[in-house]
Amino acid sequence: MRGRSKSALFGCEGVVIFLKAKYFRRFIFLIIIMVILAGSAVYVWQSTKPVATSTEPVIFTIDKGTGTSQIADNLEANGIIRNSFFFKVYLKLNNEGAGFKAGTYAFVPGQSYKEIVTSLNNGDVQQAETLKFTIPEGYTLKQMAEKLDTEGATVNEIFMDIVNQPELFSDIPIIAEIPDNTDYLFKLEGYLFPETYELAKGSTAEDIIIRMLTEMQEKLDSIPDFEAKLKARGLTVHELLTVASLIEREVVVPEERPLVASVIYNRLESDMRLQIDATVQYLLDKQKERLLYKDLEVESPYNTYRNAGLPPGPIAAPSLSSIEAALSPETSDYLFYVTKKDGSSEHLFAKTYEEHLKNIEKSKESAE
């Protein structure tokens, strides 16, 4: 057997070395690719995971008309997400972003993409700080001012000054219903509707009054056939609110309001003084559990014991039910009523003074 030549032997070894080097280079290349891919995966994971959690919310505002790309960039700029590019990719892959709603949001750092997208789709905007207060039915302007002052809504003196300047609110139609009269204690008495209100924090006394006047306007406008009923009774809006305020302060049991309204109208038609205690109470600095005879003699246009007809204006803020009772009273021949002393707050009604005296005795007996 012939031996191989040295040149042939070296040639074979060269091929082997070349092949080994070729596969080695491929191996190294694959390792590099794998490292790159792994690094990229780690980078993507790091970039898409929620930011570090925090208890302090981040306030973020989306203006109307802002595109999803800008929203993503702003989210990153505000530290709500780590990387806007990957958030955009997420939106694209999940067909999201078209339904995002404008507004101010309070995102808590640590929220996932899904949570953020859900909030933006639902419009879970941050609720603005508000001023909330309740004005009970039958409150006078003085009582309103004291309550609003106590609750920090406005300053008593400022409120009471403004309620004597109806010209500030002339754009509200109901203001035109207030007659020019120098006898008013407070010009807007009875025109601010008693209700629970929620206004923007920082609202002024003027803002509060505008809102309450507007509510009264809306309540009157909501009464079916209001103008026709008002005309049928031969009343102005001012007179209606005045009668409604008397009913509000005199009646506790709602079902009795239309009947008390009929007594008021019957006495007016009979040229009888109304002799309503609530009109005297309105003149006192503090409400009394029981009026004295000397109280009934106080000189004032509001004192219906001394003066015929209605007082110059409302004596309190009437509820809608009292306004409706004044507008549509029950038909009766009653001219008198007296409160039962049995704790029910109901009244005994009478057509004559003799019947009324008997009811007074019955009322006394019910308390024994």
Side-chain angles (χ1 to χ4, degrees), residues 134-140 143 189-196 215-216 218-226 228-230 232-235 237 239-270 272-282 287 289-291 304 310-311 314-368:
T134 298
I135 300 299
E137 298 169 349
Y139 256 37
T140 64
Q143 290 173 312
E189 190 76 80
Y191 282 78
L192 306 187
F193 193 78
E195 182 66 277
T196 295
E215 188 68 21
M216 177 63 82
E218 291 175 353
K219 285 294 187 291
L220 294 179
D221 292 342
S222 72
I223 298 175
D225 303 318
F226 176 72
K229 291 177 181 176
L230 195 66
R233 288 229 56 84
L235 296 172
V237 171
E239 291 169 335
L240 174 71
L241 293 179
T242 300
V243 174
S245 72
L246 300 178
I247 297 169
E248 190 66 48
R249 291 306 293 256
E250 286 285 286
V251 182
V252 174
V253 180
E255 293 75 20
E256 290 187 344
R257 285 173 178 159
L259 199 53
V260 169
S262 75
V263 174
I264 292 173
Y265 290 127
N266 290 343
R267 291 181 72 93
L268 289 173
E269 291 169 6
S270 301
M272 297 176 66
R273 293 178 184 176
L274 292 178
Q275 296 182 317
I276 291 178
D277 288 358
T279 61
V280 178
Q281 292 277 17
Y282 180 63
Q287 297 285 299
E289 186 175 339
R290 183 178 179 180
L291 292 174
T304 56
L310 291 171
I315 61 171
S319 61
L320 182 60
S321 59
S322 287
I323 294 172
E324 291 174 331
L327 196 59
S328 303
E330 190 171 321
T331 301
S332 81
D333 295 323
Y334 292 132
L335 292 170
F336 304 89
Y337 60 83
V338 62
T339 304
K340 294 180 181 179
K341 296 187 181 299
D342 59 0
S344 67
S345 297
E346 296 177 344
H347 292 91
L348 294 171
F349 295 85
K351 298 176 183 178
T352 66
Y353 185 63
E354 289 73 22
E355 290 177 1
H356 180 55
L357 292 176
K358 290 178 181 179
N359 283 342
I360 291 175
E361 292 303 315
K362 288 180 183 178
S363 175
K364 291 178 180 178
E365 292 171 2
S366 68
E368 296 177 359

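Here the CG atom belonging to Asp225 is positioned 12.0 Å from the CG atom belonging to Leu230, to the nearest 0.5 angstrom. Atoms CZ and CD1, from Arg267 and Ile276 in turn, are 8.0 Å apart once rounded to the nearest 0.5 Å. For the atom pair NZ of Lys351 and NE2 of His356, the computed distance is 16.0 Å after rounding to the nearest 0.5 Å. The line from CD1 of Ile135 to CG of Leu192 is 8.5 Å long, rounded to the nearest 0.5 Å. For the atom pair Met272 CE and Asn266 CG, the distance stands at 9.5 Å (nearest 0.5 Å). Rounding to the nearest 0.5 Å gives a distance of 7.5 Å between CG of Leu246 and OG1 of Thr304.
Heavy-atom minimum distance, Val251 versus Glu256: CG1-CB, 4.0 Å. Closest of all the heavy-atom pairs between Ser345 and Val253 is O-CG2, 3.9 Å. Nearest heavy-atom pair, Ala316 versus Gly138, reported as atom, atom and distance to 0.1 Å: CB-O, 3.4 Å. Closest approach of Gly190 to Leu241, counting heavy atoms only: O-CD1, 4.0 Å. When all heavy atoms of Leu348 and Lys340 are compared, the closest pair comes out as CD2-CE, 3.5 Å. Heavy atoms only, all atoms of each residue included: Ser245 and Ile315 are closest at OG-N, 3.0 Å.
Residues passing the side-chain contact (heavy atoms from CB on, under 4.5 Å) test with Ser321 are Arg257, Ser319, sequence neighbours excluded. For Asn359, there are no side-chain hydrogen bond (donor to acceptor under 3.5 Å, both in side chains) partners, not counting sequence neighbours. Here Asp342 pairs with Ser344 under the side-chain hydrogen bond (donor to acceptor under 3.5 Å, both in side chains) rule; sequence neighbours left out. Shown here are the side-chain contact (heavy atoms from CB on, under 4.5 Å) partners of Leu357, two or more places apart in sequence or in another chain: Tyr353, Ile360. Every residue was checked against the ring pair (Phe, Tyr, Trp, His ring centres under 6.0 Å) condition with Phe193, not counting sequence neighbours, and none meets it. Gln287 is linked by a side-chain hydrogen bond (donor to acceptor under 3.5 Å, both in side chains) to Arg249, counting only residues two or more places apart in sequence or in another chain. Not a single salt bridge (Lys or Arg N to Asp or Glu O under 4.0 Å) links Glu250 to another residue, sequence neighbours left out. For Glu218, the salt bridge (Lys or Arg N to Asp or Glu O under 4.0 Å) criterion is met by no residue, not counting sequence neighbours. Applying the side-chain hydrogen bond (donor to acceptor under 3.5 Å, both in side chains) criterion to Ser222, with sequence neighbours excluded, gives no partner residue. Every residue two or more places apart in sequence or in another chain that forms a side-chain contact (heavy atoms from CB on, under 4.5 Å) with Pro136 is listed here: Tyr139, Lys147.
In this structure, Gln143 contributes its side chain and Thr140 its backbone to a donor-acceptor pair below 3.5 Å. Distance alone, capped at 3.5 Å, places no donor-acceptor pair between the Glu239 side chain and the Leu235 backbone.
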- Please assess Asp221 against Phe226 for the test side chain to side chain contact (heavy atoms under 4.5 Å, CB included), listing each intermediate value before the final yes or no. CA-CA 7 Å; Asp221 292 342; Phe226 176 72; 5.7 Å; no
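Between Phe349 and Glu355 there is no side-chain heavy-atom pair separated by less than 4.5 Å. Considering only heavy atoms from C-beta on, Gln281 comes within 4.5 Å of Leu291 through its side chain.
A salt bridge does not link Glu354 to Lys358: none of the charged side-chain nitrogens sits closer than 4.0 Å to a carboxylate oxygen.
Taking the six-membered ring where the residue is Trp, Tyr337 and His347 present perpendicular rings, their angle passing 60° and hence far from 30°.
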Review item, side-chain donor-acceptor pairs of residues 324-335, under 3.5 Å, at least two apart:
{"unit_1": "Ser332", "atom_1": "OG", "unit_2": "Ser262", "atom_2": "OG", "d": "2.8"}
{"unit_1": "Ser332", "atom_1": "OG", "unit_2": "Tyr334", "atom_2": "N", "d": "3.3"}

